Protein chains: 2
Amino acid sequence: MKKTIVVFGLFILALLSLFQLSKYSVVSGDMKIENAIAIVAIIFFFIGVYIHKKSFSKIEKEPEDIDITKIKDLDITKREYEVLKFISEGLSNKEIGDKLFVSESTVKTHVSNILVKLNAKRRTQAVKIAKQYQII
Amino acid sequence: MKKTIVVFGLFILALLSLFQLSKYSVVSGDMKIENAIAIVAIIFFFIGVYIHKKSFSKIEKEPEDIDITKIKDLDITKREYEVLKFISEGLSNKEIGDKLFVSESTVKTHVSNILVKLNAKRRTQAVKIAKQYQII
DNA sequence: ATGCTTTTGGTACTTTAGTATGACCTGTTT
DNA sequence: AAACAGGTCATACTAAAGTACCAAAAGCAT
């Protein structure tokens, strides 16, 4: 946000500089008016592209971040959430257990709790629901 | 693609028109040179924004639409693809069979083939890989 | 027509996944 | 201290999922 303001400020300065430059050039007669306008046109074309790119990259990132509020609303604990992430990665209960240094039994417990909390019948359905909630 | 070319053509025409207009205005002396440049700057700023928006909306939509070429490269058949979609919806083999009016055995056959073709060990992993390939 | 691929479906089997229940330990709250 | 929540793990069970192998019907291309 601050960055955008700074960039805008610089653009305004550039605009003023161009005005001065073009005025001088016309007065001194060593540059044609068409060239001055063309340069301004090109510069502001790219300024437009740049500004839009900046503002758009923010909009793009919005759908990517996770809904932490929703996770809490569903009473999903930290450990359960870790397991959920691994499920979405396609790991088996055994593999998840190895990654978290716990037994397969423990993972099964977590998975069962996740299924109840997400109201899912299967782990595949849990992944789908979790993605709809944007929690993964 | 064609649309972009047409839009570009119109912009070039606009550019030429502006040149004529500004030249006339300066000669006739009823418009200051600063104003002319300012107008050009503003117009091309918005042109830049518009062009970037157009090109970006295409980039945005690309991740959304499916890579049909990849599906064919993986030798995934129509039926297998249907099953794959239902897997990603979180359905069980039985439920998929009911939806496609085939037996659970048939679905199992398809699922096994999908796993081999996607090089996955589990249906959850198949979903993850399929999403990476952008085929679902 | 005759290969070819796809789709279908079965049997028999092994492996995961998931449920139910109970237990123990550890911080945190009351 | 007692209650509570979170995490751990086990046993025993049922239910899906997945593999292997086979076989037949249907669709299609040469």
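Only this structure's heavy atoms are used, side chains among them; waters, hydrogens and symmetry mates stay out. The shown structure was predicted, so the numbers you read here are calculated from the model rather than taken from an experiment. Residue numbers begin at 1 in each chain, while the letters A, B, ... track the order of the sequences.
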What is the separation between atom CD1 on B:I76 and atom P on C:dT5, rounded to the nearest whole Å? 17 Å
Taking all atoms of both residues into account, what is the closest heavy-atom pair of B:K131 and A:K131, and its distance? NZ-NZ, 3.0 Å
To the nearest 0.5 Å, how far apart are CD in B:E89 and CD1 in A:I129? 11.0 Å
For residues 115-123 of chain A, dump all side-chain donor-acceptor pairs below 3.5 Å to protein atoms at least two apart in sequence or in another chain.
{"unit_1": "A:K117", "atom_1": "NZ", "unit_2": "A:D75", "atom_2": "O", "d": "2.6"}
{"unit_1": "A:K117", "atom_1": "NZ", "unit_2": "A:E80", "atom_2": "OE1", "d": "2.7"}
{"unit_1": "A:K117", "atom_1": "NZ", "unit_2": "A:E80", "atom_2": "OE2", "d": "3.1"}
{"unit_1": "A:R122", "atom_1": "NE", "unit_2": "B:G90", "atom_2": "O", "d": "3.1"}
{"unit_1": "A:R122", "atom_1": "NH2", "unit_2": "B:G90", "atom_2": "O", "d": "3.4"}
{"unit_1": "A:R122", "atom_1": "NH2", "unit_2": "B:E95", "atom_2": "OE1", "d": "2.8"}
{"unit_1": "A:R122", "atom_1": "NH2", "unit_2": "B:E95", "atom_2": "OE2", "d": "3.3"}
{"unit_1": "A:R123", "atom_1": "NH1", "unit_2": "A:L91", "atom_2": "O", "d": "2.9"}
{"unit_1": "A:R123", "atom_1": "NH2", "unit_2": "A:N93", "atom_2": "OD1", "d": "2.2"}

d(CG, A:L118; P, C:dG18) in whole Å: 12 Å
Is there a side-chain contact between A:T77 and A:N113 in this structure, where contact means two heavy atoms from C-beta onward sitting under 4.5 Å apart? no
Does A:R79 reach the side chain of A:L100, with side-chain heavy atoms less than 4.5 Å apart? yes
Gap between atoms CG and P, on B:D98 and C:dG9 respectively (whole Å): 12 Å
Roughly how far apart are B:I68 CD1 and B:D65 CG, rounded to 0.5 Å? 8.0 Å
One should read off an interatomic distance between A:S103 OG and A:K108 NZ, to the nearest 0.5 angstrom, of 10.0 Å
Does A:S112 put a side-chain nitrogen or oxygen below 4.0 Å from OP1 or OP2 of C:dT19? yes
Round to the nearest Å and state the distance from B:K78 atom NZ to D:dA26 atom C1'. 13 Å
Between A:T106 and D:dG7, does any side-chain N or O lie under 4.0 Å from OP1 or OP2? no
Hey, could you give me the CD1/CD1 distance between A:I66 and A:I71, rounded to the nearest 0.5 Å? 5.0 Å
Could you write nucleotides 23-30 of chain C as a row of B, S and -, 5' to 3', where a protein heavy atom under 4.0 Å of any base atom gives B, of only sugar-phosphate atoms gives S, and otherwise -? --------
Rounded to whole Å, the CG-P distance (B:N113 to C:dT8) equals 12 Å
Could you give the CG-to-P distance, from A:D75 to D:dG7, as a whole number of Å? 12 Å
Heavy atom of residues 79-94 of chain B under 4.0 Å from DNA chain C: which residues? B:R79
B:T77 near the nucleic acid: base, sugar-phosphate alone, or nothing, with a heavy-atom cut-off under 4.0 Å? sugar-phosphate
Look at the side chain of A:S105 and decide which nucleotide, out of D:dG7, D:dC9, C:dT8, has an atom nearest to it. D:dC9
B:K70: partners by salt bridge (Lys or Arg N to Asp or Glu O under 4.0 Å), with sequence neighbours left out: none
Heavy-atom side-chain contact between A:I136 and A:I87 under 4.5 Å: no
Could you go step by step and tell me if A:I114 and A:Y81 meet the side chain to side chain contact (heavy atoms under 4.5 Å, CB included) rule? CA-CA 8 Å; A:I114 291 166; A:Y81 185 71; over 6 Å; no
Ignoring backbone atoms, establish whether B:R122 has a side-chain N or O less than 4.0 Å from OP1 or OP2 of D:dA17. no
Do you know which two heavy atoms are closest between A:Y133 and A:D67, and how far apart they sit? O-CB, 3.7 Å
Measure from CG on B:L100 to C1' on C:dT6 and round the result to the nearest Å. 14 Å
Counting any heavy atom closer than 4.0 Å, what does A:S103 reach on the DNA or RNA strands: base, sugar-phosphate only, or nothing? sugar-phosphate
Quick check: does any side chain N or O of B:S88 sit under 3.5 Å from a backbone N or O of B:K85, one acting as donor and the other as acceptor? yes
It should be established whether A:H110 places a side-chain nitrogen or oxygen under 4.0 Å from OP1 or OP2 of nucleotide D:dG6. no
CG of A:L84 to CD1 of A:I76, rounded to nearest 0.5 Å, is 6.0 Å
Please enumerate all protein N or O atoms sitting under 3.5 Å from an N or O of nucleotides 12-15 of chain D, with distances to 0.1 Å.
none

Using the C1' atoms of five pairs at each end, what's the angle between the two axes of the helix from C:dA1-D:dT30 to C:dT30-D:dA1, to 10 degrees? 50°
Are a donor atom and an acceptor atom from the side chains of A:T109 and A:T106 found within less than 3.5 Å of each other? no
A:K121 NZ to C:dT19 P: how many Å, rounded? 12 Å
Picking from C:dT8, C:dT7, C:dG18, which would you name as closest to the side chain of A:L115? C:dG18
5' priority, DNA chain C, between B:V102 and B:T124 [closest heavy atom]: B:V102
